[in-house]
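Worksheet: one structure, shown below.
All values reported here derive from a predicted model rather than from experimental measurement. Below, all heavy atoms of this structure are taken into account, side chains as well, without hydrogens, waters or symmetry copies. Below, read A as the first sequence line, B as the second, and so on, with proteins coming before strands; counting in each chain starts at 1.
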Amino acid sequence: MGKNLCKIYSIDEIAANITDVVIESEFIASNAKPGQFLHIDCGDEINNFLRRPISICDVYDNKVRFIFEVKGNGTNRLAAKKRGDILDVLGPLGNGFTVSDEYKQPMIVGGGIGIFPLLNLAKQFDKKAEVFLGFRNKDRLVMENEFKAVSKDVSIVSDDGSCGIKGLVTEPLINRLENGVGDIIYACGPTPMLRAVKTLAEKYKVKCQLSLEQRMGCGIGACLVCSCQTVFTGTKKYKKVCADGPVFWSDEVTLND
Amino acid sequence: MGKNLCKIYSIDEIAANITDVVIESEFIASNAKPGQFLHIDCGDEINNFLRRPISICDVYDNKVRFIFEVKGNGTNRLAAKKRGDILDVLGPLGNGFTVSDEYKQPMIVGGGIGIFPLLNLAKQFDKKAEVFLGFRNKDRLVMENEFKAVSKDVSIVSDDGSCGIKGLVTEPLINRLENGVGDIIYACGPTPMLRAVKTLAEKYKVKCQLSLEQRMGCGIGACLVCSCQTVFTGTKKYKKVCADGPVFWSDEVTLND
Amino acid sequence: MLAVIEGNDKTVVDMKVNIAGVEFKNPVITASGTFGFGKEFSQYIDISKLGGITLKGLTLAPREGNKPPRIAETPAGILNSVGLQNPGIEDFLKDELPAIKNLDTVLIANISGNTIEDYCSIAEKLSDSDIDMIEMNISCPNVKSGGIVFGTQPETVNKITGEVKKHCKKPLIVKLSPNVTDITEIARAAEAGGADALSLINTILGMKIDIHTKRPVLANNVGGLSGPAVKPVAVRMVWQVANAVKVPLIGMGGIMTGEDAVEFMLAGATAVAVGTGMFKDPEMSVKVVNGIEKYLKDKGINDVKELIGAVIPN
Amino acid sequence: MLAVIEGNDKTVVDMKVNIAGVEFKNPVITASGTFGFGKEFSQYIDISKLGGITLKGLTLAPREGNKPPRIAETPAGILNSVGLQNPGIEDFLKDELPAIKNLDTVLIANISGNTIEDYCSIAEKLSDSDIDMIEMNISCPNVKSGGIVFGTQPETVNKITGEVKKHCKKPLIVKLSPNVTDITEIARAAEAGGADALSLINTILGMKIDIHTKRPVLANNVGGLSGPAVKPVAVRMVWQVANAVKVPLIGMGGIMTGEDAVEFMLAGATAVAVGTGMFKDPEMSVKVVNGIEKYLKDKGINDVKELIGAVIPN
Ligand SMILES: Cc1cc2nc3c(=O)[nH]c(=O)nc-3n(C[C@H](O)[C@H](O)[C@H](O)COP(=O)(O)OP(=O)(O)OC[C@H]3O[C@@H](n4cnc5c(N)ncnc54)[C@H](O)[C@@H]3O)c2cc1C
Ligand SMILES: Cc1cc2nc3c(=O)[nH]c(=O)nc-3n(C[C@H](O)[C@H](O)[C@H](O)COP(=O)(O)OP(=O)(O)OC[C@H]3O[C@@H](n4cnc5c(N)ncnc54)[C@H](O)[C@@H]3O)c2cc1C
Ligand SMILES: Cc1cc2nc3c(=O)[nH]c(=O)nc-3n(C[C@H](O)[C@H](O)[C@H](O)COP(=O)(O)O)c2cc1C
Ligand SMILES: Cc1cc2nc3c(=O)[nH]c(=O)nc-3n(C[C@H](O)[C@H](O)[C@H](O)COP(=O)(O)O)c2cc1C
Ligand code: FES
Ligand code: FES
């Protein structure tokens, strides 16, 4: 939406390779909706010149928070930034989650780095949301208390049982759906998790929004590299994760690509 | 000669865009000869990955000093380094000046950035050397006192007369040669200056060594990109500035390229 | 990166260039496929500050494009394999063109097809529209059936250019592929066929493999390389082609600064296009305009046209 | 940059590869023209740790090469225009070969010529020497008369390969030019002509202009692009050629790390060559050997040959 030069207000490693950043930007803070993202220039090197998409995790006052895991070259550079450095940030970008008073029993499901955009989403529901968070293991467990503070209930699940319940994050969700709880599901995480959530939403006939990931170029809808397959009355069509998403209704996306 | 990881002992801007660096390296300090150079990695970016050749200006204890002007990308990065940073340096490289007791009246001529390798050379002659230094203007004037401390006499010349005598650095030299002074000339500086010095050396039949510059790849004699034209018994031949030079006898090089 | 400072002396600089009778207020254009149909960037720049904009490649029927992932990062460049996703010419004319037809900049449509007839038919449909010029893409490396098969043989380049010219009432730019042995041969064939201008370069075919999954990063396996990495190849080709033909050239490939643009113009380009660079900075196209102007002011040159082909070969 | 850490698990890795009957202790070779005649780098690395070394291009008569400057820096790459400066085959055999013939690594001579006869005659002279293999350069973009004219047409590639094979008692590697429309066509022609192996890619023709002097940076105006910038093009060509021929390939173009080397091997190369990267770090070739070994150990692969062509296309 805008190009912003933002000062880093704080930057901290909150778990191994997970960095929590707060930047100053009144523009982004006052325009951001839960589920939108930032497109961040991680360094001025020609050599690594694509920006990196990172979700907005939270906003307050004139500050914007995002959290990311170090994966490759770009996030590595980003993690090396210091308090006071200036970041070149496009945003807020994309379409966020649909938040409405209509939904009385929101179910929020996050896996891995997918949990970060969900904090600000949970906040919108005035402690009505039930949150399900999946982690690889307890070393990756972050933000548990922050989610607890804004949700009705938080279930923690881990692959190896080292924190919370052992298993898939969808398991406690199934439990609730079986009990007839939930009038909308919001999910963000790895594609297999999104596929499982999509199937559950269909099975239990609950509305569902998914936040997708795709490699990006421009981030603003102009280059068509960030496509995801959607389906509308039987016709398959590529939409843009950056501009049409990253949040889609689950019956709209095939998750086949 | 060797690949060295050297800690920066000090780094200072001594005039606008002129940076004076001292690095720690016992190996280089104890092996360097006046006129040899270092091949320096100015940053770990793939993007600007050729090293930059910079002359050794001085050595003492286990320290090595070099001075450079910021021209483009590489020197710009180098100037941004801080005390304590580690530099990746090849050196000492190339053939330096021929220093010998045989020479009683060495004349040392430098122009612009060409003056830097001459300090350590002047030092070798126990205050016997007469030094001629040319600068664009007084803002570029550096090292006058350092040269004075180790030389018999120092003449300063500038293009615009804002320091020393106005004119070409060869003018006071001609004066001395006319008076029969000088049994060897050493010169380093821009090619037009070197051409003028070469002509003088021929005219006055004085031995003469010139230090040349050329764009380099490997810096160690393997890639043949750094050629300069030489002539031997009438046959023209390209030699390598990095490995056969950078110092050549003036009657060996044509200075035509 | 170049810090763009507005030229601060009083030189008045004429930035106008002319290509095939069309006047550009300055020589900076956006490259096809990197600027959508124009509207996306309007939040970031004032499009009327650009000489022209080239729109995303159009085909007769809508095209879905290739499977994602469609982009990979490489040293100083990117690979893309979009594969000409577009809504088709009819929907373009109906849904997209109205929004941009009044922009105060030269509008260039970019067209692709599977057959010569496809190209002719799109050109015809565009001939009565508000588009100012047509760029014929015979060089897209990302679609098996389209473009590139026409772009690599002088005979077919000559033939398709001649045929399309018959159906095209707008000035026709032929966009050349760098994936050829001798680009001057192709350029001469396009000129002989009636091209009013040439643009170059399109992307160079490349590949990146993820050594952990052992799979190509792009779902399409291969894609087109663009960005700074290709700049020396593009400059060389512009120079070669400038020496081989008389029609004006639009140069592109890795332009990130005004200096880069000047380099292309010295090599022989009348105008330049900025593509991949805009992913780094959506304001880049306008910064390139400012950068050229600053260069001219610094050098005391008052007409940008003086740069065209002004390189002094050794 | 990759920090090279020796693999620390206990996997015993077989790094040997075989090309045309010649065994290499590992798949890393130096690229011609970047490693002189071998001696210069011996102060920096233990050459016997390399699979092989390729020597600077040789011609029948001595060659002075092009005027300087001969190098320019470009985004993630360099341009060179050395122009095959070399002392000629006779002086090489007399003055250079004795110093390296006992090195415990595969010695590859690289040859160029103006005529087919030149090539045959050099190949013949090398056939009785201590050289292990001959790489025929028909792709140098820096010399008008030499190489490249042979390298861009399938017919001439086929012919020259066939003729040289008759005079060459050592395994013959044909080095391919990337400056062609269809590299598979050229590769097949070389294979049909009897090439025992192919190496690719040579440099891509490029140009850089100094916008302040308006002159090309290289005295030769144009030069060959190498370094990381070309890597995606090189990987693509290796992959295409691997799918088109049966002879083993030596892949090169921008290799800076063991990971890069693995990428080339997955694409289809049996061995790789490191060139421009050694200007950044004279130890790079050995670091690439270590990097490949580390990758194999990390993945628990115990034979480097398993990487060859193991890419899984989408
Ligand atoms: C809308 C959106 C929101 C995201 N939000 C977050 C977040 O809040 N926190 C977080 O840790 N991560 C998030 N990601 C993933 C994050 O963008 C990637 O992990 C990151 O781009 C990897 O870059 P790199 O330089 O570390 O990796 P490299 O491997 O160096 O990246 C190479 C290229 O691949 C792209 N890429 C690699 N992985 C991904 C991926 N998973 N998704 C998209 N592009 C990728 C990069 O952008 C780059 O172009 C988000 C992705 C998207 C699309
Ligand atoms: C043997 C030798 C000794 C030198 N000693 C000194 C010294 O003591 N102090 C000093 O200030 N300068 C010295 N120079 C010049 C110095 O190497 C260049 O100014 C520097 O390489 C410019 O790099 P850059 O990144 O600033 O410029 P860029 O323009 O970014 O450089 C681009 C490329 O051109 C090359 N290049 C540009 N100018 C020159 C030049 N004049 N000579 C050689 N290559 C060049 C660079 O090495 C690089 O490959 C020396 C050069 C040589 C050959
Ligand atoms: C994502 C992307 C999509 C592209 N789509 C098209 C296209 O539809 N038609 C076309 O002629 N060129 C297309 N191109 C090529 C560009 O117009 C341009 O020729 C090339 O990218 C080189 O310029 P650059 O390095 O500034 O990007 C595309 C390039 C990119 C990066
Ligand atoms: C300075 C230089 C000189 C070269 N000389 C030769 C040569 O004599 N013969 C040859 O076949 N290739 C020559 N090449 C090409 C390299 O061998 C190699 O094919 C190319 O540089 C790509 O690999 P790289 O990116 O690792 O350098 C030369 C390359 C460079 C940079
Ligand atoms: S990243 Fe360019 S359209 Fe989505
Ligand atoms: S720089 Fe490589 S030989 Fe001199």
Quick one: of C:M237, C:K208, C:K231, C:K214, who has the most non-hydrogen atom pairs under 4.5 Å with chain D?
C:K214
Look only at the side chain of C:D260 and the backbone of C:T257, and say whether a donor-acceptor pair between them is shorter than 3.5 Å.
yes
Side chain C:N314, main chain D:R215, donor-acceptor under 3.5 Å:
no
Engaged part of [X] at the chain C interface, taking heavy atoms whose separation is under 4.5 Å:
X: D:I183; result: neither
X: D:F264; result: neither
X: D:I209; result: both

So which atom in D:N179 and which in D:L205 form the shortest heavy-atom distance, rounded to 0.1 Å?
OD1-N, 3.0 Å
Return the option, out of D:V311, D:N221, D:V233, with the maximum number of heavy-atom pairs under 4.5 Å with chain C.
D:N221
Should the heavy atoms of other residues, nucleotides or ligands under 6.0 Å from NZ of C:K299 be counted, would the total exceed 12?
yes
Taking side-chain hydrogen bond (donor to acceptor under 3.5 Å, both in side chains) as the test, write out the residues that go with D:K175, two or more places apart.
none
Is it the side chain or the backbone of C:I312 that comes within 4.5 Å of chain D heavy atoms, both, or neither?
both
